[in-house]
Amino acid sequence: MVLRSRYKRRKNQIERPREEDFSITIFKELDKNVDNLKKMLDDPEDLVIREFTVHTTTQKCAIAYIDGLVDPYTVNNSILKNLQQSMEPQSPNEVETLFEDIYREIISVGDIKEETTLDAISQGLFYGSTILYLDGLDKVLIVETIGWETRAIEEPSTEPVIRGSKEGFVENIRTNTALLRRNLQGPNLRFKSYKIGRRSKKDLIVAYIAGISNPDLVKEIKRRIETIDIDFAPESGYIEQWIEDSFMSPFPQVLNTERPDRASAALAQGKVVILLDGTPFVLIAPATIGNTLQSPEDYYERWIIGSLIRVLRWGGAFITIFLPALYIALVSYQQGMIPSDLAFSIAATRDGVPFPAFVEAVMMGVVMELLREAGARLPTSIGETIGIVGGLVIGDAAVQAGIVSPVMVVVVALTAIASFAVPEYSTAISFRLIRFLTMISAAVLGLFGIILVYIAINIHIVNLKSFGIPYSTPFAPTFRGDFKDLVTRAPLPAMLKRPQYLKPEDKTSANREDKGS
């Protein structure tokens, strides 16, 4: 085994491409540049290199691109056709002049830039650009010819609303920035670009509104983004886990959304949005415990309806975390707190059940989580069927077999429904995780255990921060003005200030002064 491992390591060392096999510089000779590019990429099948002579001249040049990533119409009509038909005779000694003419007049593509490094060439190739080499020059032109297939803008699958925009972010970061631009058409919307991943070199953009967002907050987020040093970042979840304050906390310290209207509203409040190419999920920072229970639809309905829905959501969060634990505590320890008629009814339904309430709750909780996970992994039509049929059949069969009581089925079903009311998926998972902790505490100490866990959760939330902002704000530290948009929502004309805890540069978001008619 040892010899085999050594053989594999030696074989890998021999087969691994070495950096010295190709030059990292650009030569003046066209042939050398073409050979160098092929050697660097190991001459793949999808690498297209077209060598030709500029029309009516003796100047040799070549274009290179990755098949499937570029738009063939742009390459053929805006680059090749212009170079082969529109050139005036040039002397070989005027290659610099020819390069400038091509850059300024010949190629009819908007985004074109001059580069002198092989790293820039490789990034351009894999981003869908076309590289133009000119014999006699140690620099190239990178012409943007992106043409890969993209998904159309659709309604977000994770954040549907009855009233509101049906647009959702897509995987193309430029489409996503355009959606933000369309919602926030002021000149102060800023985009700061980064490249993330040593291997993937994916585009990441930090968006904020200058004059509103706290400069210290923007600076801190940029600093954390610049510390990211990973090979590959396929989804914004990688970024979230890298920049969050505490990776030991179950609570999400960065919100994510597929909705441009929600991201735009966060920007207008003074928050910072992080976009990553290749994912429709955009990050919003910072986050507080109150933000996790808010939905864009709260603001689209009138304030009474929005407030009622939000109160129901807070109640749903409480039920998700504490209802099974309360049932366990009351049935196992504090039976005297249950009304007599209900106590007799519960005792009658539990007759013959061999397990204590805690074991019943754990079994049904695990089954519900399995059904939820299976439903999420299967195709939509099958997943819905599995969820409905599985829940009904397993619940009824478990009661008929005497494994669990009917009351426990009701408790678990009510808990599952309540968890669906939590709009933030990451937060809902956290609440479900904490639910098992409260159930264990209730099984050990009854109501006292639940109270201890409740106190521990509050201590954790108070000590938790999101980019320097206390997670428990505006409860603690208290910002009375921000209570207008917390558990309930005030009428929009009364919400004249941006959230105080964000310390925005421009604190006013609206003005009710009568400007005359």
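Residue pairs satisfying the side-chain hydrogen bond (donor to acceptor under 3.5 Å, both in side chains) criterion with at least one member in residues 407-417, sequence neighbours excluded, are absent. For residues 442-469, the side-chain hydrogen bond (donor to acceptor under 3.5 Å, both in side chains) pairs, not counting sequence neighbours, are Ser249-His460. Within the structure, the side-chain hydrogen bond (donor to acceptor under 3.5 Å, both in side chains) test picks out no pair touching residues 469-480 (sequence neighbours left out). Under the ring-ring contact (aromatic ring centres under 6.0 Å, His included) criterion, the residue pairs touching residues 146-180 are Tyr127-Trp148, with sequence neighbours excluded. Screening residues 429-443 for side-chain hydrogen bond (donor to acceptor under 3.5 Å, both in side chains), with sequence neighbours left out, gives Glu369-Arg432, Glu369-Arg435.
In this structure, CD1 on Ile209 lies 12.0 Å from CD on Glu505, to the nearest 0.5 angstrom. If you take CZ on Phe358 and CD1 on Ile440, they are separated by 5.0 Å, rounding to the nearest 0.5 Å. Note that CD of Glu45 and CG of Asp67 are 10.5 Å apart. Values are rounded to the nearest 0.5 Å. A distance of 10.5 Å separates CE in Met439 from CD1 in Ile450, rounded to the nearest 0.5 Å. If you take CD1 on Ile459 and CD1 on Ile457, they are separated by 10.5 Å, rounding to the nearest 0.5 Å. The distance from atom CD1 of Ile434 to atom CD1 of Ile429, rounded to the nearest 0.5 Å, is 12.0 Å.
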Using side-chain contact (heavy atoms from CB on, under 4.5 Å), reason through Asn176 and Leu180 one step at a time and then give a plain yes or no.
CA-CA 6 Å; Asn176 295 341; Leu180 291 179; over 6 Å; no
CA sep, side-chain torsions, deciding dist, call: Ser509, Met495, side-chain contact (heavy atoms from CB on, under 4.5 Å)
CA-CA 8 Å; Ser509 62; Met495 297 170 65; 5.8 Å; no
Step by step, would you call Asp485 with Tyr299 a side chain to side chain donor-acceptor pair (under 3.5 Å)?
CA-CA 10 Å; Asp485 188 19; Tyr299 304 93; 2.6 Å; yes
Steps toward side chain to side chain donor-acceptor pair (under 3.5 Å) verdict (Thr257, Glu159)
CA-CA 8 Å; Thr257 181; Glu159 297 173 281; 2.8 Å; yes
Residue pair Thr279, Glu171: steps toward the side-chain contact (heavy atoms from CB on, under 4.5 Å) verdict:
CA-CA 4 Å; Thr279 174; Glu171 286 74 11; 5.8 Å; no
Pair Val404, Val399 - check side-chain contact (heavy atoms from CB on, under 4.5 Å), show working.
CA-CA 5 Å; Val404 296; Val399 171; 4.2 Å; yes
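Here Glu154 pairs with Arg151 under the salt bridge (charged side-chain N to carboxylate O under 4.0 Å, His left out) rule; sequence neighbours left out. Qualifying salt bridge (charged side-chain N to carboxylate O under 4.0 Å, His left out) partners for Glu301, counting only residues two or more places apart in sequence or in other chains: Arg163. Every side-chain contact (heavy atoms from CB on, under 4.5 Å) that Asn183 has, sequence neighbours left out, goes to Pro260, Ser264. Residues satisfying the side-chain contact (heavy atoms from CB on, under 4.5 Å) test with Lys497, not counting sequence neighbours, are Thr508. Residues satisfying the salt bridge (charged side-chain N to carboxylate O under 4.0 Å, His left out) test with Arg224, not counting sequence neighbours, are Glu220, Asp245. Qualifying salt bridge (charged side-chain N to carboxylate O under 4.0 Å, His left out) partners for Arg181, counting only residues two or more places apart in sequence or in other chains: none.
Cation-pi geometry between Arg262 and Phe281 is not met: the NZ or CZ atom fails to fall both under 6.0 Å from the ring centre and inside 45° of the normal.
Annotation: Tyr300, atom OH; neighbour count of heavy atoms from other residues, nucleotides and ligands within 6.0 Å is above 12. For Phe191, the CZ atom counts as densely surrounded, since its 6.0 Å shell holds more than 12 non-hydrogen atoms of other residues, nucleotides or ligands. Environment of CZ in Arg199: sparse, with no more than 12 heavy atoms of neighbouring residues, nucleotides or ligands closer than 6.0 Å. Atom CZ of Phe483 is surrounded by more than 12 heavy atoms from other residues, nucleotides or ligands within 6.0 Å.
By the 4.5 Å heavy-atom criterion applied to side chains, Pro423 and Arg313 are counted as neighbours. Within the 4.5 Å cutoff, side-chain heavy atoms of Thr227 are placed close to those of Trp242.
Between the Thr320 side chain and the Ser419 main chain, a donor and an acceptor come within less than 3.5 Å of each other. Glu240 places no side-chain N or O within 3.5 Å of a backbone atom of Leu283 that could act as its donor or acceptor partner. Within the 3.5 Å criterion, the main-chain N or O of Gly128 finds a donor-acceptor partner in the side chain of Thr145. Counting only distance, with no hydrogens or angles, the side chain of Asp277 and the backbone of Ile173 share a donor-acceptor pair below 3.5 Å.
Applying side-chain contact (heavy atoms from CB on, under 4.5 Å) to Phe467 and the options Leu217, Asn214, Asp216 leaves one that passes, Leu217.
Salt bridge annotation for Asp298-Arg489: absent, with no cationic side-chain nitrogen under 4.0 angstrom from a carboxylate oxygen.
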Which atom pairs, donor and acceptor, lie under 3.5 Å between side-chain atoms of residues 265-276 and protein residues at least two apart or in another chain?
unit_1, atom_1, unit_2, atom_2, d
Lys271, NZ, Asn291, OD1, 2.9

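A donor and an acceptor atom, one from each side chain of Thr292 and Glu424, are nowhere located under 3.5 Å apart.
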